[in-house]
Amino acid sequence: MKSEPGEFSIDDLRKKKKHHWDGVRNFEARNFMRDKMRIGDLVLFYHSNATPSGVVGIAKVASSPYPDFTQWDKASKYFDKKAGEEKPIWFMVDVAFVEQFPRTIKRSELQNTAALKSMALWKRNRLSITPVTKKEFEVIQKLASKTSLA
DNA sequence: GCCAACGTTGGC
DNA sequence: GCCAACGTTGGC
């Protein structure tokens, strides 16, 4: 799951311990959250639009999917006038802090790792939520404990 | 700040 | 239903 650190960072999640992942306004990302995420699933936390961009830690899904309440909040930048009271369009999950990596695993480092060549992240560059295989997850976990090469 | 990629909107 | 215009994401 991607977030701009200026909006919401791994540090914010660490301090809050748990947070609702609001603001997803892309149908594919929404479907992924709504249909595939279940309590206890592990999540890679990715800082986008950052210096550097990359994976910074691990979180876990801490709620079932439920309607993103900001779609009904006129004061929110995520307000969506097409969302009816009874028929939400956008969904979110709560995520809980698990671990902050001792360093950022930079995008360039992920790109240079052979085992990560077919990550969905590369194909769907602009999606804020992309699936990660168990294998990929473990490879990235291993990278986290190593000293940076890239 | 630029710009490529690409999703969304709306006219027809 | 097509597709041009537009808006957004996010790397660089």
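Labels below follow one simple rule: chain letters A, B, ... track the order of the sequence lines, proteins then strands, and each chain is numbered from 1. Reckoned from all heavy atoms, side chains included, excluding hydrogens, waters and symmetry mates.
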Would you please classify the geometry between the A:Trp21 ring and the A:Phe8 ring as parallel, tilted or perpendicular, with 30° and 60° separating the classes? perpendicular
With the side chain defined as heavy atoms from C-beta on, A:Ser128 is closest, among C:dG11, B:dG7, C:dG10, to C:dG10
Round to the nearest Å and state the distance from A:Leu127 atom CG to C:dG11 atom P. 13 Å
Please check the phosphate of C:dG11 (OP1 and OP2 only) for any side-chain N or O of A:Arg107 closer than 4.0 Å. yes
In whole angstroms, how far is the P atom of C:dG10 from the CZ atom of A:Arg124? 12 Å
How close or far is atom P of C:dC12 from atom CD of A:Glu109, stated in whole angstroms? 14 Å
Separation of A:Glu4 atom CD from C:dT8 atom P, in whole Å? 13 Å
Please check if the side chain of A:Thr113 supplies one atom and the backbone of A:Glu109 the other of a donor-acceptor pair under 3.5 Å. yes
Is it true that a side-chain atom of A:Glu136 and a backbone atom of A:Thr133 form a donor plus acceptor pair closer than 3.5 Å? yes
When you check the gap from the basic side-chain N to the acidic O, do A:Glu138 and A:Lys134 get nearer than 4.0 Å? yes
For A:Arg25, which contact category applies under a 4.0 Å heavy-atom criterion: base, sugar-phosphate, or nothing? nothing
Please report the distance, rounded to the nearest Å, between CG in A:Leu110 and P in C:dG11. 11 Å
Grouping I, L, V, M, F, W and Y whenever their side-chain heavy atoms are under 4.5 Å apart, do A:Leu121 and A:Leu143 come out in a common cluster? yes
Please report the distance, rounded to the nearest Å, between CG in A:Asn125 and P in C:dT8. 18 Å
Contacting residues from residues 43-52 of chain A, given that a heavy atom lies under 4.0 angstrom of DNA chain B: none
Are any of A:Lys106's side-chain N or O atoms less than 4.0 Å away from OP1 or OP2 of C:dC12? no
Can you tell me how far P of C:dG10 sits from CD of A:Gln111, to the nearest Å? 15 Å
Could you check, using the six-membered ring where one of them is a Trp, whether A:Trp90 and A:Phe27 have ring centers closer than 6.0 angstrom? yes
Examine C:dG10: is either OP1 or OP2 under 4.0 Å from a nitrogen or oxygen in the side chain of A:Lys2? Give yes or no. yes
Using a strict 4.0 Å threshold on nitrogen-to-oxygen distance, state whether A:Lys36 and A:Asp41 make a salt bridge. no
Would you say the base of C:dT8 and the side-chain of A:Arg126 have a donor-acceptor pair closer than 3.5 Å? yes
How many whole angstroms separate atom CG of A:Asp80 from atom P of B:dT8? 12 Å
